[in-house]
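Encoded as structure tokens, the structure appears first; notes follow it.
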Protein chains: 2
Amino acid sequence: MVIDERRFLDDLHTLRSFGASGVGRGVVRRAFSEADIAARDWLATRFEEAGLRVQMDPVGNLFGLAGGPSLLMGSHSDTQPEGGWLDGALGVIAALEVARCHRGVSVVSFQDEEGRFGGLTGSSVWSGYSALAEVDLHEDHDGVSLGQARAAISDRVGDPVDPAQFTGFIELHIEQGLTLDAAGEQIGVVTDIVGTRQIPITYLGQQNHAGTTRMDLRRDAFQAVSAFNERINDRFRNVVTPTTVWTVGHVALHPNAGSVVPGRATFTMQWRDGDARRLRQMEQIVRGTAQEIAAERDVAVSFGEMWELEPTHMDARLRGALEKGAAVVAPGKWRCMPSGALHDATNVARLMPVAMLFVPSIGGISHAFEEDTDEADLVAGVRVLGEAAQALISAS
Amino acid sequence: MVIDERRFLDDLHTLRSFGASGVGRGVVRRAFSEADIAARDWLATRFEEAGLRVQMDPVGNLFGLAGGPSLLMGSHSDTQPEGGWLDGALGVIAALEVARCHRGVSVVSFQDEEGRFGGLTGSSVWSGYSALAEVDLHEDHDGVSLGQARAAISDRVGDPVDPAQFTGFIELHIEQGLTLDAAGEQIGVVTDIVGTRQIPITYLGQQNHAGTTRMDLRRDAFQAVSAFNERINDRFRNVVTPTTVWTVGHVALHPNAGSVVPGRATFTMQWRDGDARRLRQMEQIVRGTAQEIAAERDVAVSFGEMWELEPTHMDARLRGALEKGAAVVAPGKWRCMPSGALHDATNVARLMPVAMLFVPSIGGISHAFEEDTDEADLVAGVRVLGEAAQALISAS
């Protein structure tokens, strides 16, 4: 059987109908929501029709198993609070289409990749990186715990799924960046998923009246954040590469009032790079600069727990199959590239060889209702996946 | 009759018992709360005992009227969400004690000086700066409007109080800064209340994935705030005086998540100075710098409504009486000084001559449970007020 473009696109549009929202092709399908559970029920029926055995593991990852040793493909079908129709969903539906065409392909939709309860939750538990009993205590912004949310799927879950049955994992995903779109290319074969460090930093100064406290007597926590930010931009200059990124995305001042000198400021400093050594070097600069600013401004500094994900190298054999497929499907219109975003493949790499494939994101937009990709590029993606499956399965 | 120190301090401690909270001598007595209304009922009884006629005006300002032309003294008895026992309360109780000793002194406790519904609300309405119908629509953080809150005092309010009966207004207050405490002085005679400008500024960039968006393609709203803050600190250098202050006290990023490049940032820029010309010059620098940063970083900038209060000069005759009183009560331990904080006197100055008197704040701390002043300094304050009342009343 060959890839059926129409069936593949129809399935993708049908999956969008669970939680369809907003402008463009927006979707609201948070992990464990009614829409998410209904979408997984629909996926389970499609898996069965494709001749796969359906199994949902305890954390809610939905598998369609080929039986016997197989190549696992897939991604996740939950979305951001305001998500697009492709992020995650594309990889699941493409895997389903490939499984229909090639015996020996299993499919997975991981649960809560988008982090209602933390981030990459389903693949993190499956890979043994997190314990279910521990993440069950994690709460969403409304104070609902994962343990409580999981109650809604209690009649669907079965035993854990043994990873030993899979010979590898391939994830197709939208790029979520501008590289392919700007270059007019259709396919990116991922070389590495960059590593990430994120650390909450708190400056503790002295809360004071903004009218009566002279500038030279202030210990202003926001001024410390601002000075840190400017200096880190400077210090990183001779350390980073053009693909290194760093972000202050979250800032919380206390008491956060116009007439009060901020006494406390907590912010997150995040950085990503493909080189583990550089990530460590940047950590030293972050900690050193934060302490330097604290000493200069007579404020205290403290560091929260650092979130660390090491860079993940893609498996040469799986990646080679994707490169060959890309050369067939999109000659002259593909490239090898790193992934700046985290994906479930990062966790799955603890269990088996992994590889990843990108298609373009129009305007680089993702995690937004406006997220989209040309349908010709979506089809190119599933065809490369099909080529790779055929090569890998016939070789094994 | 002479100032009775014990009675004055006892009254101050009794007033603290309405809403006593937290550590030290903390108080929680928000405008129109049960504790605030009970405190005003208790004050009304004390006013009557002192031979004053009690009248609460429509917005909730509580007056004890001497009858005929009189000198008005007082401050406010509401507190911050986490307030101290002296801020406002001191000025009311000191005025009561002076009124007991000197015929021709009226007393006022203004309502909502601390801004549950805006800021200086009671004196703002009384002075005609704000219309009651308009501020009735202002809501607190829980969505309760002033109009709704006023329902709790509907059986207590009477007609507006005619300001023409008062020959002037004197407000005793804690300094809420470090000047007197650091100098070991007891009394500050206020020369001017500084003017204030506060403007909300919003930078609108592009929200993006913090892993996949290259640094050179970002339009990061927080980076714009940080760059603005550093540049304004630099630009103000040759414009400000040692008593000029400026503050970024409130910052709100959107979506405020560690893994997302902030697409929007709103912050407040506040500045205070005794010179109206300098306030205008600083405004030009603020607006110009904000626009300059926006242009450099390809983000949009917009300005919200500016909050403006002009500098207020104290009346020479009233201030002279306070200076003479200070020289008698605290020889060599007093000074003339500006007020960096706003006070009800700013509003009352629209109606009549005003003057203000400060006593020290230990460690400069105010708007916090830890706020305190040595009892000897509190007594010095009420004695200076008594000296001034005697001089002003016998002269008139």
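In what follows, chains carry the letters A, B, and so on, assigned in the order in which the sequence lines appear, proteins first and then strands, with residues in each chain numbered from 1.
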For this session: Count the heavy atoms of every other residue, nucleotide or ligand shown that sit under 6.0 Å from CD of B:Glu292, and state whether that count exceeds 12.
Result: yes
Exercise. By a 4.5 Å heavy-atom criterion (distance strictly below it), what part of B:Val225 contacts chain A: side chain, backbone, both, or neither?
Worked result: side chain
Exercise. Which value, rounded to the nearest 0.5 Å, describes the distance between A:Glu175 atom CD and B:His209 atom NE2?
Worked result: 10.5 Å
Problem set entry | Over 12 non-hydrogen atoms of neighbours within 6.0 angstrom of CD in A:Glu283 | yes
For this session: Run the numbers on B:Asn229 and A:Glu230 for side chain to side chain donor-acceptor pair (under 3.5 Å), then give the verdict.
Result: CA-CA 10 Å; B:Asn229 179 65; A:Glu230 297 301 312; over 6 Å; no
For this session: Measure distances from B:Pro338 to the heavy atoms of chain A and classify the residue's part below 4.5 Å as side chain, backbone, both or neither.
Result: neither
Seminar exercise, completed: Residue from A:Thr268, A:Asp220, A:Thr244, A:Val245 scoring the most non-hydrogen pairs under 4.5 Å with chain B is A:Val245
Exercise. Do B:Thr179 and A:Arg214 have side-chain atoms, one donor and one acceptor, less than 3.5 Å apart?
Worked result: no
Exercise. Side chain, backbone, both or neither: which part of B:Gln176 has a heavy atom under 4.5 Å from chain A?
Worked result: both
Exercise. So which part of A:Pro200 gets closer than 4.5 Å to some heavy atom of chain B, the side chain, the backbone, both or neither?
Worked result: neither
Exercise. Measuring heavy-atom distances to chain A, does B:Asn233 have an atom under 4.5 Å in its side chain, in its backbone, in both, or in neither?
Worked result: side chain
Exercise. Quick one: what part of B:Ser226 sits under 4.5 Å from any heavy atom of chain A, side chain, backbone, both or neither?
Worked result: both
For this session: Between chain B and each of A:Pro262, A:Gly115, A:Gly258, count heavy-atom pairs under 4.5 Å; write down the option with the most.
Result: A:Gly258
Seminar exercise, completed: CZ of A:Phe222 to NE2 of B:His250, rounded to nearest 0.5 Å, is 11.5 Å
Problem set entry | chain A contacts, top residue of B:His254, B:Met269, B:Gln223 (heavy-atom pairs, under 4.5 Å) | B:Gln223
For this session: Against chain A, label B:Ala210 side chain, backbone, both or neither, depending on which of its atoms sit under 4.5 Å from a heavy atom there.
Result: both
Exercise. Under a 4.5 Å heavy-atom cut-off, does chain B meet the side chain of A:Val251, its backbone, both or neither?
Worked result: both
Problem set entry | Within 6.0 Å of CG in B:Asp216, more than 12 heavy atoms from elsewhere | yes
Exercise. Among A:Thr243, A:Val248, A:Val260, who wins on heavy-atom pairs under 4.5 Å with chain B?
Worked result: A:Val248
Seminar exercise, completed: When rounded to the nearest 0.5 Å, the distance separating OG1 of A:Thr247 from CG of B:Asn208 is 10.0 Å
Exercise. In Å and rounded to the nearest 0.5 Å, what is the OG1 to NE2 distance from A:Thr212 to B:His367?
Worked result: 8.5 Å
Problem set entry | Part of B:Gln206 lying under 4.5 Å from any heavy atom of chain A | neither
For this session: Measure A:Trp307 against the heavy atoms of chain B and call it side chain, backbone, both or neither at under 4.5 Å.
Result: side chain
Exercise. Between A:Ser259 and B:Gln270, is any side-chain donor less than 3.5 angstrom from a side-chain acceptor?
Worked result: yes
Problem set entry | Interatomic distance, B:Gln207 atom CD to A:Ile365 atom CD1 [nearest 0.5 angstrom] | 10.5 Å
Exercise. Out of curiosity, B:Trp246 CH2 to A:Arg218 CZ, how far, rounded to the nearest 0.5 Å?
Worked result: 8.5 Å
Problem set entry | Contacting region of B:Thr213 [heavy-atom separation from chain A under 4.5 Å] | backbone
